[in-house]
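Because the structure is predicted, anything quoted here is derived from the model rather than measured.
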Protein chains: 2
Amino acid sequence: MKKYSDPPSGQQAENKAPKRVTILDVARAARVSAGTVSNALSGKRQVDPETRARIDAAIAALGYVPNRAARALRHGRSNLIAVCSSMPWQVAGGSSRLGFLMEVVAAVAPVALRHGIAVTLLPAEAEAEGFLDRIALDGAIVIEPLREDPFLRALRAQALPVVVIGQPPVPDWVHVDLDYPAVTRLLCDHLYGAGARRFPLLTGQEDRVVHEETIRAYRAFAAERGMVPEVLRLPEAAGEAGSAALMTERLARRDIDAVLVPVDTFASGVMAAARGLGLVVPHDLRIATRYDGLRARQEVPGLTAVDLNLPEAAAHCIRLLLALIAGEGVPPATPVAPPRLIPRGSTR
Amino acid sequence: MKKYSDPPSGQQAENKAPKRVTILDVARAARVSAGTVSNALSGKRQVDPETRARIDAAIAALGYVPNRAARALRHGRSNLIAVCSSMPWQVAGGSSRLGFLMEVVAAVAPVALRHGIAVTLLPAEAEAEGFLDRIALDGAIVIEPLREDPFLRALRAQALPVVVIGQPPVPDWVHVDLDYPAVTRLLCDHLYGAGARRFPLLTGQEDRVVHEETIRAYRAFAAERGMVPEVLRLPEAAGEAGSAALMTERLARRDIDAVLVPVDTFASGVMAAARGLGLVVPHDLRIATRYDGLRARQEVPGLTAVDLNLPEAAAHCIRLLLALIAGEGVPPATPVAPPRLIPRGSTR
DNA sequence: TTGTATGCGTTATCAT
DNA sequence: ATGATAACGCATACAA
């Protein structure tokens with residue numbers, strides 16, 4: 001008896017062509033028709049126990065394993081969805097492997113798996129290399145798209161079911177609303193409540209819808225409170241170091257008492273800049289970020305952040321996507337529970 | 001002219017059955033045969049410019065998009081590989097979304113993408129739910145398998161090309177050797193060199209090959225130096241909190257001057273325990289971990305860790321896997337560059 | 001340069 | 001309960 005930990009036969013340079021075993025081979029060996037074998041496997045039709053035994057024996061003897069590509073063709077389902085982010089891998093996966101893409105994948109994957117579908121990751125490069133027409137997908141989730149997002153364009157061209165998580169460029173796209181305006185408002189109010197009277201917003205430079213929404217909400221808050229708004233933008237790829245450099249310069253002017261930094265990588269940079277200038281957080285400078293990831297939790301002091309209810313959002317995404325795949329109609333916008341502030345040392 | 005940011009028509013509950021456009025429809029519209037359309041698309045044969053124009057027009061008019069499942073069947077390639085980890089998602093993706101699975105994916109995905117193949121994540125649950133026979137895979141990478149790994153068993157049953165990253169249960173599996181014994185040795189030597197004379201090893205409890213190798217190397221080191229070896233094991237799922245609890249108790253005895261904690265999540269727990277007891281790292285207690293992730297870098301002080309050369313390992317994995325998929329023979333073991341210590345404050 | 005025919009492996013439909 | 005047949009959509013060998 002072979003143990004499963006035996007080396008895989010045929011992986012070495014043995015020249016035996018593996019010659020795939022088909023359902024027809026099994027059928028022949030069991031002296032039945034292919035259709036019967038198929039039914040035995042799927043259980044969609046009654047099959048004589050004795051016949052079944054012969055089939056099982058044949059399957060075991062031949063080592064038959066169904067061809068998934070053929071099934072996918074037949075069923076019109078690949079059981080695979082993509083999670084797309086128009087951020088380059090450098091940013092999305094990140095040198096710290098901590099991008100929002102990974103976060104969303106981490107939230108989406110288990111839900112998807114529970115529904116019998118697997119998840120593949122598609123960063124910006126994938127679109128460029130035309131991955132959407134290389135692999136068989138049942139649908140896709142697009143994270144925080146750009147205003148003119150190549151993934152959305154390509155997905156629509158493919159007529160694939162799509163759910164956007166975050167802000168879609170136009171509200172007609174089926175999307176799960178993370179309500180970034182509310183999130184921004186929450187953070188602004190918190191900073192203000194903590195005593196901050198002048199704080200710039202530091203965010204990404206790309207033409208991402210989420211940035212627009214955030215900036216809009218920030219400006220609205222500033223107008224309301226009579227605070228002078230200041231929006232600093234930095235290329236996403238600049239990362240922690242870029243943020244630290246920019247903010248070291250900005251903080252040197254000593255005219256602000258807090259910074260609102262939605263992107264957590266940038267927030268780390270601001271922390272570094274503050275340290276470099278000898279500023280004590282939160283005493284000399286308060287910092288609040290949006291995404292409550294490992295960075296926010298591990299910084300010293302911890303970064304005040306927001307619980308975006310990602311698991312719930314992910315569950316919605318999958319539910320919606322499955323409905324779309326099934327051809328059912330769904331409402332374009334699905335709300336998640338209101339964002340919840342997670343106050344930490346950085347604003348206390 | 002429609003802008004691509006328009007809402008996707010048909011996503012709403014319009015009852016129009018989308019009726020897939022096939023290559024044959026295009027052929028008819030362009031008044032050519034299906035084969036010609038196919039060739040025009042693939043460019044594998046010369047096609048008259050004028051015919052080509054008609055075809056292109058038809059494609060555009062009908063919105064034809066090739067069926068990937070059919071191609072996969074035809075070509076015998078799905079352009080998809082899986083990265084499998086027998087760790088449950090809870091641990092692999094982690095509440096901190098920072099498990100080694102994510103790390104490896106982050107390293108593997110860009111390389112794979114560059115070779116035209118996408119990557120899907122399969123945590124332990126996926127095996128249980130039989131995902132390996134739900135999706136069409138060209139091959140798989142298995143991370144730090146268990147001694148009796150269900151993924152390896154299933155993959156062999158499917159006769160799928162497999163590359164193990166880490167320690168395979170038997171050396172015949174094609175694998176990329178991260179050389180954990182050397183890594184362990186490196187850390188032990190470093191701790192010893194930093195003055196530590198008694199340090200337990202805290203690692204995971206599962207029947208994972210990497211743990212065995214690590215423990216073996218640790219014991220060898222202890223024997224050599226005349227240090228009393230002490231191996232503490234904790235269920236992987238216990239996480240940071242479990243580690244903190246266990247080590248709070250252990251550290252209270254005040255008879256050790258360092259801890260070797262390969263699993264970075266556990267290392268965070270040890271740091272927390274030390275803080276709780278008022279122990280100053282590294283003065284009262286030195287800590288070294290293996291995996292140099294965000295945790296190691298963000299802890300205060302930073303955790304001494306090891307550069308495992310993951311990007312290089314990932315590149316090897318893909319290269320080997322592609323070779324196996326192409327039916328070429330490959331050596332069972334591929335080494336990566338020697339591990340390099342990254343000394344940080346936790347052992348200084 | 002283009003058309004025709006066949007097969008990839010599976011499953012659904014119809015017949016027995 | 002089972003068998004025969006067609007079809008899923010594409011790409012190739014071969015013929016023209």
Requested in this report: Round to the nearest Å and state the distance from A:Asp133 atom CG to D:dG9 atom C1'.
Outcome: 16 Å
Report task. Kindly point out which of C:dC8, C:dT11, D:dC10 is positioned nearest to the side chain of B:Leu73? Result -> C:dC8
Report summary line: What one should report as the nearest heavy-atom pair of B:Asp138 and B:Ser78 is OD1-N, 2.8 Å
Query raised in the report: Given C:dA12, is OP1 or OP2 found less than 4.0 Å from the side-chain N or O atoms of A:Lys44?
Result: yes
Query raised in the report: Rounded to the Å, how far apart are B:Ile23 CD1 and D:dC8 P?
Result: 14 Å
Report task. Would you classify A:Arg31 as touching base, sugar-phosphate or nothing, given that sugar-phosphate means primed atoms plus P, OP1 and OP2, and contacts are heavy atoms under 4.0 Å? Result -> sugar-phosphate
Report summary line: Of A:Ile141, A:Val83, A:Ile318, A:Leu80, the one forming a side-chain contact (heavy atoms from CB on, under 4.5 Å) with A:Val119 is A:Val83
Query raised in the report: Tell me: OH of A:Tyr64 to P of C:dT11, nearest whole Å?
Result: 6 Å
Requested in this report: Using only side-chain N and O atoms of B:Thr36, determine if any of them is under 4.0 Å from OP1 or OP2 of C:dG3.
Outcome: yes
**Report entry** Shortest side-chain distance from A:Thr22, nucleotide among C:dT2, C:dT10, D:dG9
**Finding:** C:dT10
Requested in this report: Starting at atom CG of A:Asp25, determine the distance to atom P of C:dG7, rounded to an integer number of angstrom.
Outcome: 15 Å
Report task. Enter the distance from B:Arg147:CZ to B:Gln167:CD here, rounded to the nearest 0.5 Å. Result -> 9.5 Å
Requested in this report: Measure from CG on B:Asn67 to P on D:dC8 and round the result to the nearest Å.
Outcome: 11 Å
Query raised in the report: A:Arg74 side chain N/O closer than 4.0 Å to the phosphate oxygens (OP1, OP2) of C:dA12?
Result: no
Query raised in the report: In whole Å, what is the span from the CG atom of B:Leu41 to the P atom of D:dT12?
Result: 12 Å
Query raised in the report: In whole Å, what is the span from the NE2 atom of B:His75 to the P atom of D:dC10?
Result: 11 Å
Report task. Using whole Å, report how far CG of B:Asn39 lies from P of D:dC10. Result -> 14 Å
Query - Presence of A:Arg45 side-chain N/O under 4.0 Å of D:dT2 phosphate oxygens OP1/OP2 - result: no
Requested in this report: Report yes if at least one side-chain N or O of B:Ser38 is closer than 4.0 Å to OP1 or OP2 of D:dA11; otherwise report no.
Outcome: yes
Query raised in the report: So which nucleotide from D:dC10, C:dG9, C:dT10 ends up closest to the side chain of A:Arg20?
Result: C:dG9
Review item, side-chain donor-acceptor pairs of residues 51-65 of chain A, under 3.5 Å, at least two apart:
residue: A:Arg52; atom: NH1; partner: A:Ala40; partner atom: O; Å: 3.0
residue: A:Arg52; atom: NH2; partner: A:Ala40; partner atom: O; Å: 3.1
residue: A:Arg54; atom: NE; partner: A:Ala30; partner atom: O; Å: 2.9
residue: A:Arg54; atom: NH2; partner: A:Ala30; partner atom: O; Å: 3.1

Query raised in the report: Hey, is the side chain of B:Thr51 poking within less than 4.0 Å of OP1 or OP2 on C:dT2, counting only N and O atoms?
Result: yes
Table please: side-chain donor-acceptor pairs of residues 122-132 of chain B below 3.5 Å, with sequence neighbours left out.
residue: B:Glu125; atom: OE1; partner: B:Trp89; partner atom: N; Å: 3.1
residue: B:Glu125; atom: OE2; partner: B:Trp89; partner atom: N; Å: 3.0

